[in-house]
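Since the structure comes first, as structure tokens, the remarks are kept for the end.
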Amino acid sequence: MNKFLTVGDIGDLNAALKEAQEVKKNPFGWQHLGKNKTMLIVFFNSSLRTRLSTQKAAMNLGMNVIVLNVNGDSWKLETEMGVVMDGDKTEHLREAIPVMGSYCDIIGVRSFARFENRDWDYNETILQQFIQYSGKPVISLESATRHPCQAFADLITIEEYKTKKRPKVVLTWAPHPKALPQAVPNSFAEWMKAADVDFVFTAPEGYDLAPDIMEGLTPERDQMKAFKDADFIYAKNWSSYEQYGQILGDCHDPKWASWTVDMAHMDVTNNAKFMHCLPVRRNMIVTDEVIDSPNSIVIPEAANRVVSAQVVIKRMLEAIQK
Ligand code: CP
């Protein structure tokens, strides 16, 4: 494995889930793989879970870890090709990336969508430069369009908590005051379509995801209907793909506010577990009552971020050793 961006990069999902179970049972069992190897994790955007869980996963595997916060610790980086660098950017990614690659064995990169140009974001312009110029295996730690470590952790969590072979899993849009990227719902949908689950997508008109993600999905506009008999509710906000990066109205307007996941919604489910990738805005995405209920599994879901990252890093270390 030399890159981890989409569900296709992980291969057989059952094999990945089995490996996740083994890693969780014996987290320090593969320390020999990481001895004298360095993991570099680069952040263009803020993080709590991704930063800590990736670092922990690499340390569990015996690696040394370096963390770089591009917007705080390093020179300001130019990301566009062919520009005259007479502004505030001191260094170009074209030099910075191979330099970073020379200091490590694996690179993880967080670089969110900018919402300036949909093609620029959906071409994964920053992440692809890391893949092309670093000379090292690259993990997306949430890129412009995907968050695969999160989706893998979500799948591990569903596997752990499911009470039937093929559970009903609902991805629901929920209101938020700011425009958020589509990376988490894109990845969640992509992984759920590949998993052995009955997957339902519900969002208001105007919030469908990219056409390749929506392929095979029939969006349900009636959120209550979507929730009926669900085993897992996965809530998330995202901005519009069609009116790219826009929010389509005030989140306090009842038209949108009615999409907040509350007990009335949860009552029509099959005693569903509540999931969210975090960070979450309480009483906007989900009510206190739901997220504080015994059915909320957001904390074990976040804890599984260590497991998903560790499986991916382990596989990359194994590939390096061959
Ligand atoms: N879920 C997630 O990626 O959290 P952070 O943004 O805190 O890393």
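Along the sequence shown, residues carry numbers from 1. No hydrogens, no waters, no symmetry mates; every other heavy atom, side chains included, goes into these values. Remember, it's a predicted structure, so these values are computed and weren't measured experimentally.
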Give a yes or no on this: more than 12 heavy atoms of other residues, nucleotides or ligands lie within 6.0 Å of atom [atom1] of [X].
X      : atom1 : answer
Lys162 : NZ    : yes
Arg51  : CZ    : no
Glu289 : CD    : no
Glu242 : CD    : no

Testing the basics here: between [X] and [Y], what is the closest heavy-atom pair and its distance to 0.1 Å?
X      : Y      : answer
Leu141 : His147 : O-CE1, 3.8 Å
Ala226 : Val170 : O-CG2, 3.4 Å
Ser240 : Gly206 : OG-O, 3.0 Å
Ile213 : Leu217 : O-CD1, 3.5 Å
Glu190 : Val7   : OE1-N, 3.3 Å
Glu215 : Lys193 : O-NZ, 2.8 Å

May I ask you to decide whether [X] forms a salt bridge with [Y], counting only side-chain N to carboxylate O separations under 4.0 Å?
X      : Y      : result
Arg221 : Asp208 : yes
Lys168 : Asp198 : no
Arg146 : Glu124 : no
Lys228 : Asp222 : no
Glu318 : Lys314 : yes

Under the criterion ring-ring contact (aromatic ring centres under 6.0 Å, His included), I'd like the reasoning laid out for Phe188 against Trp238: C-alpha separation, chi angles, the key distance, then a yes or no.
CA-CA 12 Å; Phe188 187 73; Trp238 58 89; 10.0 Å; no
For Tyr241 and Tyr122, run ring-ring contact (aromatic ring centres under 6.0 Å, His included): C-alpha distance rounded to whole Å, both residues' side-chain angles, the deciding distance at 0.1 Å, then the answer.
CA-CA 10 Å; Tyr241 175 82; Tyr122 270 73; 5.2 Å; yes
Just do the side-chain contact (heavy atoms from CB on, under 4.5 Å) check on Ile320 and Ile106 with the steps written out, would you?
CA-CA 9 Å; Ile320 289 169; Ile106 299 174; 4.0 Å; yes
Would a hydrophobic clustering, with Ile, Leu, Val, Met, Phe, Trp and Tyr connected at side-chain separations under 4.5 Å, put Val65 with Met100?
no
Please check if Trp259 and Val268 belong to a single hydrophobic cluster, counting links between Ile, Leu, Val, Met, Phe, Trp and Tyr side chain heavy atoms closer than 4.5 Å.
no
So, do Trp191 and Phe199 have ring centers that fall under 6.0 Å from each other?
no
I want to check a possible cation-pi pair here: Arg94 against Tyr133, using under 6.0 Å from ring centre and within 45° of the ring axis as the test.
yes
Where does the angle between the aromatic ring planes of Tyr244 and Phe115 fall among parallel (under 30°), tilted (30 to 60°) and perpendicular (over 60°)?
perpendicular
Is it the case that the side chains of Trp30 and Glu22 hold a donor-acceptor pair, with the cut-off being a distance below 3.5 Å and no angle test?
no
Short side-chain donor-acceptor distance under 3.5 Å, Asp154 and Tyr234
yes
Go through the steps to decide whether Phe43 and Asn71 satisfy the test side-chain contact (heavy atoms from CB on, under 4.5 Å), and finish with yes or no.
CA-CA 8 Å; Phe43 289 87; Asn71 295 326; over 6 Å; no
With side chains defined as the heavy atoms from C-beta onward, is the minimum distance between Met39 and Asp105 less than 4.5 Å?
no
Determine yes or no for a side-chain-to-main-chain donor-acceptor pair under 3.5 angstrom, with Asn186 supplying the side chain and Leu209 the backbone.
no
